[in-house]
*Asks:* 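I have a structure I would like to understand better, so I am pasting it below and will then ask my questions one at a time.
When reading the values below, keep in mind they use all heavy atoms of this one structure, side chains included, and skip hydrogens, waters and symmetry mates.
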Amino acid sequence: MKQKKIIISGTGCALADFVYNRISFHSPEFNKYLSKKAGDGGLSPGKLVFTEELEKFAGKPYAEIFTDIIGSKTHDAFNVGGPSLVSLIHASQLLEEEGFEVKFYGIAGNDETAARILKMIHQTPLNSKYYHVTSPRETPFTDVLSDPDYENGHGERTFINNIGAAWDYTPEQLTRDFFDSHIVAFGGTALVPQIHDNLTVLLEQAKKNNCITLVNTVFDFRNEKNNPGNPWPLVNHYENFGLIDVLIMDREEALKISGCKTMGEASGFFAASGVSSFIITNGADTLTAWSRGGLFEKTELLSLPVSENVRDELKSNPTRKGDTTGCGDNFAGGILASIAYQLRNKEKGHFDLIDAVSWGVASGGFCCFSVGGTYLENTPGEKRKAVQLLQKEYLTQVGY
């Protein structure tokens, strides 16, 4: 490869998050629109629903539904969101030094929301040259309803998404530069339908170019709605999981993609699938990680905790508590950054999975101290310094 820099290129879900904090998921206003069964278009804590599906479920326009739940409250934060864009911004902040470049490829509508997103991106090290404002549709957005007291204070969010311009983004818009990278990342492609439906072809192209491939998933409401009870399609055939070097999912996504009932069965499914490595997060509970070798050293199934330091800090200093929006996306960004650093210093097949997880856990933990997933630094390197401290403490916690 000709580049002297280590290049990360990513595509997938990019949108505006309008965060509404302290919305009780036990209130009658929220429960009025609560899902009755999987895929029916109703609200469900921790899950995503599309505006048009929620309208069908409730039988009224989204504007009326939204007012019922929120009242006259304005959003607590406007933030850059999306499992691709947020993870790449975070990776760019951790890699903010000579020798690395992180690029995002995507689409937005020509509207005020896009202008606000770009204004924030331009305050980060991310290369947004390939983020095009061309679609006649609205820029994708998500209304994020956050209840920090849900599940005994662990917090949870509900996402209401408008796909908008993302309907118009196609594989053909990923230029040759995208694949002329060391690492390619596909984040939350279920919210970019034409990319998601052609993910296998894109992964094949990436592997032809000898790229490291990372996929981090999102709740696939479209396929849950179209085929309730059936496994969500991610790649075209089971053996094509082998095109993925790192697969990051949360617990529910892992169960839905595998079609399994238990985490043990799901772990067995992915271990047998050919995927090089996988990481399954579970909110504030134990995560699972595994590697067959190939990128990371061969690693038997691991169960690893979240950061005790973050948990203790949030308990002892409630004023530092933000919300959990973007924690999973920042987790993925931490994994990306660790892979990039390891690529500089190690041969493929000898990467350290626990090191990658430690950066993921520290990144997700740091995100809990603010509202929204994208943190804007006051000075370059500020975020990396804070995350690295949590990362070192985490390695001590797990005795590594």
*Asks:* Can you find a heavy atom in the side chain of Ile107 that is under 4.5 Å from one in the side chain of Val192?
*Replies:*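 With C-beta onward as the side chain, the pair stays apart.
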*Asks:* Would Lys47 and Glu224 count as a salt bridge (Lys or Arg N to Asp or Glu O under 4.0 Å) if you check the C-alpha gap in whole Å, the side-chain angles of each, and the deciding distance to 0.1 Å?
*Replies:* CA-CA 11 Å; Lys47 297 181 182 178; Glu224 181 69 14; over 6 Å; no
*Asks:* Under the side chain to side chain contact (heavy atoms under 4.5 Å, CB included) criterion, do Asp76 and Arg22 qualify, and how do the steps go?
*Replies:* CA-CA 9 Å; Asp76 295 282; Arg22 301 206 168 276; over 6 Å; no
*Asks:* So Thr139 and Thr113, side chain to side chain donor-acceptor pair (under 3.5 Å) or not? Walk me through it.
*Replies:* CA-CA 6 Å; Thr139 296; Thr113 299; 5.6 Å; no
*Asks:* Checking Glu101 against Asn127 for the side chain to side chain donor-acceptor pair (under 3.5 Å) test, could you report, in this order, the C-alpha distance in whole Å, the side-chain angles of both residues, the deciding distance, and whether it holds?
*Replies:* CA-CA 7 Å; Glu101 183 178 8; Asn127 181 343; 2.7 Å; yes
*Asks:* What I'd like to find out is whether the side chain of Val215 reaches to under 4.5 Å of the side chain of Val235, using heavy atoms alone.
*Replies:*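 No. Closest side-chain heavy atoms not under 4.5 Å.
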*Asks:* Other residues, nucleotides and ligands only: do more than 12 of their heavy atoms fall within 6.0 Å of NZ on Lys36?
*Replies:*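 More than 12 within 6.0 Å, yes.
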*Asks:* What pairs of residues pass the ring pair (Phe, Tyr, Trp, His ring centres under 6.0 Å) test when at least one of them lies in residues 279-306, not counting sequence neighbours?
*Replies:*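 Listed by first then second residue: Phe278-Trp290.
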*Asks:* Please tell me if the side chains of Ile89 and Tyr375 come closer than 4.5 Å, counting only heavy atoms from C-beta onward.
*Replies:*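 The answer is no; the side chains never approach within 4.5 Å.
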*Asks:* Measure from the side-chain N and O atoms of Asn198 to the backbone N and O of Val201, and report whether any donor-acceptor pair falls under 3.5 Å.
*Replies:*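 No, Asn198 side chain to Val201 backbone: no donor-acceptor pair under 3.5 Å.
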*Asks:* Show the numbers, then the answer: is there a side chain to side chain contact (heavy atoms under 4.5 Å, CB included) between Phe369 and Val310?
*Replies:* CA-CA 9 Å; Phe369 296 130; Val310 170; 4.1 Å; yes
*Asks:* Backbone N or O of Lys392 within a donor-acceptor pair of the Thr396 side chain at under 3.5 Å?
*Replies:*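 Yes; judged by distance alone, with no hydrogens or angles, the pair exists.
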*Asks:* Donor-acceptor pair, Glu53 side chain versus Val49 backbone, under 3.5 Å?
*Replies:*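 No; zero donor-acceptor contacts below 3.5 Å.
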*Asks:* Using side chain to side chain donor-acceptor pair (under 3.5 Å) as the criterion, list what pairs up with Asn161, not counting sequence neighbours.
*Replies:*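 Checked Asn161 against side chain to side chain donor-acceptor pair (under 3.5 Å); matches are Thr142.
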*Asks:* I'd like to know if the side chain of Arg292 reaches the main chain of Val275, judged simply by a donor and an acceptor atom lying under 3.5 Å from each other, with no hydrogens or angles considered.
*Replies:*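 Present.
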*Asks:* To check you understand the geometry: which heavy-atom pair defines the closest contact between Ile163 and Pro140, and what is its length?
*Replies:*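 Smallest heavy-atom distance, with atoms named: O-CG, 3.0 Å.
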*Asks:* Please find the pair of heavy atoms, one from Gly81 and one from Asp17, that lie closest to each other, and give the distance.
*Replies:*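 Answer, listing the atom of Gly81 first, then Asp17: CA-OD2, 3.3 Å.
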*Asks:* Donor-acceptor pair, Glu55 side chain versus Ile65 backbone, under 3.5 Å?
*Replies:*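 Between the backbone of Ile65 and the side chain of Glu55 there is no qualifying donor-acceptor contact (under 3.5 Å).
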*Asks:* Phe159 and side chain to side chain contact (heavy atoms under 4.5 Å, CB included): which partner among Val144, Leu15, Leu145?
*Replies:*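 Single pass found, and it is Val144.
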*Asks:* Check whether more than 12 heavy atoms from other residues, nucleotides or ligands sit under 6.0 Å from atom CD of Glu347, and answer yes or no.
*Replies:*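 12 or below, so no.
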*Asks:* Side chain of Gln205, backbone of Phe179: donor and acceptor closer than 3.5 Å?
*Replies:*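 No, because the side chain of Gln205 does not come within donor-acceptor range (under 3.5 Å) of the backbone of Phe179.
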*Asks:* Given 3.5 Å as the limit, does a donor-acceptor pair link the side chain of Asn309 with the main chain of Leu390, or not?
*Replies:*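 It does not hold such a pair.
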*Asks:* For Arg222, give me all partners under side chain to side chain donor-acceptor pair (under 3.5 Å), at least two apart in sequence or on another chain.
*Replies:*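 With sequence neighbours excluded, Arg222 shows a side chain to side chain donor-acceptor pair (under 3.5 Å) to Asp197, given in chain and number order.
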*Asks:* Is Asp68 salt-bridged to Lys32, cutoff N-O under 4.0 Å?
*Replies:*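 Looking at Asp68 and Lys32, the cut-off is met.
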*Asks:* List in chain and number order the residues that pass salt bridge (Lys or Arg N to Asp or Glu O under 4.0 Å) with Lys348, two or more places apart in sequence or in another chain; answer none if no residue qualifies.
*Replies:*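 Partners of Lys348 under the salt bridge (Lys or Arg N to Asp or Glu O under 4.0 Å) test: none.
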*Asks:* Of all the heavy-atom pairs spanning Tyr169 and Gly106, show the shortest one and how long it is.
*Replies:*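 Scanning both residues completely, I find the closest heavy atoms to be OH-N, 3.5 Å.
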*Asks:* Looking at side-chain heavy atoms only, is the closest gap between Leu34 and Pro45 below 4.5 Å?
*Replies:*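 When only atoms from C-beta onward are counted, Pro45 and Leu34 do touch, with a gap below 4.5 Å.
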*Asks:* Treating Ser307 as the side-chain partner and Tyr394 as the backbone partner, does any N or O pair qualify as donor plus acceptor under 3.5 Å?
*Replies:*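 Absent.
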*Asks:* Can you name the residues that form a salt bridge (Lys or Arg N to Asp or Glu O under 4.0 Å) with Glu97, not counting sequence neighbours?
*Replies:*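 Once residues adjacent in sequence are excluded, the partners of Glu97 under the salt bridge (Lys or Arg N to Asp or Glu O under 4.0 Å) criterion are Arg344.
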*Asks:* Who passes salt bridge (Lys or Arg N to Asp or Glu O under 4.0 Å) against Arg384, sequence neighbours left out?
*Replies:*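 Listed in chain order: nothing, the list is empty.
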*Asks:* Within a strict 4.5 Å, meaning less than it, do heavy atoms of the Lys256 and Asp220 side chains meet?
*Replies:*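 Answer no - side chains too far apart.
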*Asks:* Taking salt bridge (Lys or Arg N to Asp or Glu O under 4.0 Å) as the test, write out the residues that go with Lys383, two or more places apart.
*Replies:*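 With sequence neighbours excluded, Lys383 shows a salt bridge (Lys or Arg N to Asp or Glu O under 4.0 Å) to no residue whatsoever.
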*Asks:* Give me the one residue out of Tyr131, Phe186, Phe178 that meets ring pair (Phe, Tyr, Trp, His ring centres under 6.0 Å) with Phe104.
*Replies:*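 Going through Tyr131, Phe186, Phe178 one by one, the ring pair (Phe, Tyr, Trp, His ring centres under 6.0 Å) with Phe104 is satisfied by Tyr131 alone.
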*Asks:* Can you confirm whether His26 is buried at NE2, in the sense that more than 12 heavy atoms of other residues, nucleotides or ligands lie under 6.0 Å from that atom?
*Replies:*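 Enclosed: over 12 neighbouring heavy atoms sit under 6.0 Å from NE2 of His26.
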*Asks:* My understanding is that only residues two or more places apart in sequence, or in another chain, count here; which of them pass ring-ring contact (aromatic ring centres under 6.0 Å, His included) with Phe241?
*Replies:*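 Listed in chain order: Phe269, Phe270.
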*Asks:* Tell me which pairs pass ring pair (Phe, Tyr, Trp, His ring centres under 6.0 Å) where either residue lies in residues 65-89, with sequence neighbours left out.
*Replies:*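 Ring pair (Phe, Tyr, Trp, His ring centres under 6.0 Å) check on residues 65-89 returns Phe18-His75, Phe18-Phe78, Tyr20-Phe66, Tyr62-Phe66.
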*Asks:* Considering residues, nucleotides and ligands other than Lys298, do more than 12 of their heavy atoms fall under 6.0 Å from its NZ?
*Replies:*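 No, not enclosed.
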*Asks:* What's the shortest heavy-atom distance between Gly187 and Pro83, and which atoms?
*Replies:*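 Closest approach of Gly187 to Pro83, heavy atoms only: C-CB, 3.9 Å.
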*Asks:* What heavy-atom pair brings Val80 and Thr374 nearest, and what distance separates the two atoms?
*Replies:*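 Minimum heavy-atom separation between Val80 and Thr374: O-OG1, 2.9 Å.
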*Asks:* Between the side chain of Ser135 and the main-chain N/O of Asp168, is any donor-acceptor distance below 3.5 Å?
*Replies:*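 Such a contact is absent between Ser135 side chain and Asp168 backbone.
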*Asks:* Please output the side-chain donor-acceptor pairs of residues 356-368 that fall under 3.5 Å, not counting sequence neighbours, one pair per line with the distance.
*Replies:*
residue, atom, partner, partner atom, Å
Ser358, OG, Asp355, O, 2.6
Ser358, OG, Gln391, NE2, 3.0
Ser363, OG, His90, NE2, 2.7
Ser363, OG, Trp359, O, 2.6

*Asks:* Kindly state each residue pair satisfying ring pair (Phe, Tyr, Trp, His ring centres under 6.0 Å) with at least one member in residues 30-49, sequence neighbours excluded.
*Replies:*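 Counting only pairs at least two positions apart or across chains, the ring pair (Phe, Tyr, Trp, His ring centres under 6.0 Å) contacts touching residues 30-49 are Phe25-Phe30.
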*Asks:* Using a 4.5 Å cut-off on heavy atoms from C-beta on, say whether the side chain of Lys73 contacts that of Ile23.
*Replies:*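 Side chain of Ile23 against side chain of Lys73, heavy atoms only: contact under 4.5 Å found.
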*Asks:* Output, in order, the C-alpha distance, side-chain angles, deciding distance and verdict of side chain to side chain contact (heavy atoms under 4.5 Å, CB included) for Leu203 and Asn240.
*Replies:* CA-CA 9 Å; Leu203 287 166; Asn240 287 329; over 6 Å; no
*Asks:* With a 4.5 Å heavy-atom cut-off, do Ile6 and Tyr341 have their side chains touching?
*Replies:*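 A side-chain contact under 4.5 Å is absent here.
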*Asks:* Are side-chain heavy atoms of Thr217 and Trp232 found at a separation under 4.5 Å?
*Replies:*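 No, too far: nothing below the 4.5 Å cut-off.
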*Asks:* Do any pairs count as a side-chain hydrogen bond (donor to acceptor under 3.5 Å, both in side chains) and have a residue in residues 272-285, sequence neighbours left out, and if so which ones?
*Replies:*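 Sorted pair list comes back empty.
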*Asks:* Using modelled atom types and a 3.5 Å cut-off, is there a donor and acceptor pairing between side-chain atoms of Asn209 and backbone atoms of Cys211?
*Replies:*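 Here the side-chain-to-backbone pair does not exist.
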*Asks:* If you compare all heavy atoms of Ala114 against all heavy atoms of Gly109, which two are closest, and at what distance to 0.1 Å?
*Replies:*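 The pair with the smallest heavy-atom distance is CB-O, 3.1 Å.
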*Asks:* Is it the case that over 12 heavy atoms from other parts of the model lie below 6.0 angstrom from the NZ atom of Lys60?
*Replies:*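 Atom NZ in Lys60 is crowded, with more than 12 foreign heavy atoms closer than 6.0 Å.
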*Asks:* As an exercise, state the distance from CG of Asp147 to CG of Asn21, rounded to the nearest 0.5 Å.
*Replies:*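 CG of Asn21 is found 8.5 Å from CG of Asp147.
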